[in-house]
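Sequence positions, counted from 1, serve as the residue numbers for this chain. Predicted model only: the values in this text are computed from it and were never measured.
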Amino acid sequence: MLHGYIPPHRFLPYLSWTEIDALPDRENTVIVLPCGAIEQHGPHLPCSVDSVISSGVMGKALERLPAEVRAFALPTITYGKSEEHLHFPGTMTLTGTTLLATVIEIGESVYRSGFRKLLFANGHGGQPQVLEMAARELRLRHGDFVVVPHGVSRLPSAASKQVSEQEKRLAMHAGHSETALMLALAPDTVHMERAAANFPPPFPIKLLSADGRPACAWTARDFGPSGVIGDPTSATREQGEEILDTLADSWVQALTELYALRWVVRDEPTWGRGHEQGFVQSAQPAFTG
């Protein structure tokens, strides 16, 4: 079914338009848009990693979310901005401008439907800047819209205690944590017999990079032919389940607090484009008093 990892009762497209129109407290209901990618993740992982992880983590969190916390998910954006992996077959990419326009137009649809809180739950490291730009544009257009772009794996979890210091400093793609999470979420797609470690050379200018991560632009092929940037070899399903469990708990807390958030409302005319605004049908009876 279309909902995938998302609990059906938390999947907005399973509601009719009249049911959405009748939802209480739409202005505080959190709409979650998982954002992933289809791109190479080394010989041992499928190209769907970022899409699986973004939807899998948010699905687990929504499954645990208390009923009184109103939140729904949209279908995952499975294509992302993945140009850094173009050297490898299987990478399907949008340009930054296409992704930016897509996310903004989805955001406009969320706003037009009466919702005022939107979370971009991002699972791909190559596109946070695009999502941040989209969030800012939507806020400029609508002074009562709360739009949060955030990495799915950037909340507290068990991942940090499982990996080596080298992994913490230099791993960026298809390493331990992504492999462990995929063993928990989609084990049939993982081939650990093909897993091998590969790290980039530490960036030599410490003033620009204290931890040694590349401070210059890079592509995955710059660091070798495997597409891996990290060490997946010691990842286990049990570790992945622990990461998933702790990440989901962190997101339950974040979604609960986002639902309760009361943010600044800006009344003056927007600096953004306003041509998307107009009449929206309502199932509620018209006031005739």
Side-chain angles (χ1 to χ4, degrees), residues 10-13 15 17-35 54 58 61-62 65-66 68-77 80-81 94-124 127-152 154-155 250-287 289:
R10 294 283 191 179
F11 194 59
L12 191 70
L15 300 180
W17 78 265
T18 54
E19 289 172 324
I20 292 173
D21 186 55
L23 286 173
D25 200 20
R26 270 185 290 173
E27 66 273 17
N28 290 307
T29 297
V30 181
I31 301 301
V32 179
L33 179 62
C35 301
S54 60
M58 298 315 300
L62 288 167
L65 198 65
E68 64 270 18
V69 178
R70 304 195 59 78
F72 293 93
L74 292 171
T76 301
I77 295 181
K81 179 183 176 295
L94 305 178
T95 62
T97 52
T98 299
L99 179 61
L100 179 64
T102 299
V103 174
I104 287 175
E105 290 177 21
I106 292 172
E108 286 287 356
S109 297
V110 169
Y111 188 90
R112 190 169 58 249
S113 296
F115 301 103
R116 297 295 181 264
K117 293 180 178 177
L118 175 60
L119 169 67
F120 297 144
N122 182 37
H124 170 42
Q127 62 197 22
Q129 298 85 355
V130 176
L131 299 179
E132 290 165 4
M133 291 168 65
R136 181 63 55 82
E137 173 69 18
L138 289 165
R139 178 64 183 182
L140 284 168
R141 293 184 185 188
H142 305 292
D144 58 346
F145 207 3
V146 178
V147 186
V148 178
H150 207 285
V152 162
R154 292 192 175 274
L155 292 189
S250 290
W251 275 111
V252 166
Q253 179 181 340
L255 289 169
T256 300
E257 294 182 5
L258 185 54
Y259 172 65
L261 175 70
R262 301 297 180 265
W263 192 241
V264 175
V265 174
R266 193 184 67 248
D267 294 324
E268 71 271 18
T270 178
W271 283 97
R273 290 168 287 175
H275 63 272
E276 294 87 356
Q277 301 177 28
F279 173 77
V280 178
Q281 182 64 51
S282 174
Q284 302 302 316
F287 178 71

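- A salt bridge between E137 and R141 is present, with a side-chain N of the basic residue lying under 4.0 Å from a carboxylate O of the acidic one.
- Here the side chains of V252 and P66 are in contact, with some heavy-atom distance below 4.5 Å.
- Annotation: the span from Q127 atom CD to L100 atom CG amounts to 11.5 Å, rounded to 0.5 Å.
- Here the straight-line distance linking atom CG of L74 with atom CG of L118 works out to 7.5 Å at 0.5 Å rounding.
- Among all heavy-atom pairs drawn from R266 and R139, the shortest one is NH2-O, 3.0 Å.
- The CG atom of L12 sits 7.5 Å away from atom OG of S113, with the distance rounded to the nearest 0.5 Å.
- Nearest heavy-atom pair, R70 versus L23, reported as atom, atom and distance to 0.1 Å: NH2-CD2, 3.3 Å.
- The main-chain N or O of N122 is never found under 3.5 Å from a side-chain atom of R154 such that the two would form a donor-acceptor pair.
- Separating the CG atom in L33 from the CG atom in L131 is a distance of 8.5 Å, to the nearest 0.5 Å.
- V130 and G96 make their closest contact through CG1-O, 3.9 Å (heavy atoms, listed as atom of the first residue, atom of the second, distance).
- Checking side-chain atoms of W251 against main-chain N and O of L65 turns up no donor-acceptor pair under 3.5 Å.
- In this structure a side-chain-to-backbone donor-acceptor pair under 3.5 Å is present from R10 to A71.
- With values rounded to the nearest 0.5 angstrom, D25 atom CG is found 12.5 Å from E68 atom CD.
- Side-chain contact between P75 and F11 is present, with at least one heavy-atom pair separated by less than 4.5 Å.
- Checking side-chain atoms of K117 against main-chain N and O of L258 turns up a donor-acceptor pair under 3.5 Å.
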Checklist line | Residues L15, F72; criterion side-chain contact (heavy atoms from CB on, under 4.5 Å); working and verdict | finding: CA-CA 10 Å; L15 300 180; F72 293 93; 4.1 Å; yes
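- Of all heavy-atom pairs spanning V147 and F120, the tightest one is CG1-CE1, 3.6 Å.
- When each of Y111, F115, W263 is checked for a ring pair (Phe, Tyr, Trp, His ring centres under 6.0 Å) with H142, only Y111 meets the rule.
- Closest approach of L255 and A61 over heavy atoms only: CD1-CB, 4.4 Å.
- For the pair N28 and R262, the minimum side-chain heavy-atom distance is below 4.5 Å.
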Next item on the list: Could you walk me through whether L138 and V110 pass side-chain contact (heavy atoms from CB on, under 4.5 Å), step by step?
Entry: CA-CA 11 Å; L138 289 165; V110 169; over 6 Å; no
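- Proximity of a side-chain donor or acceptor of H124 to a complementary backbone N or O of K81 within less than 3.5 Å is detected.
- Here the side chains of H150 and L155 are in contact, with some heavy-atom distance below 4.5 Å.
- Nearest heavy-atom pair, S54 versus A121, reported as atom, atom and distance to 0.1 Å: CB-O, 3.8 Å.
- Side-chain atoms of R26 come within 3.5 Å of backbone atoms of D21 as a donor-acceptor pair (strictly under, hydrogens ignored).
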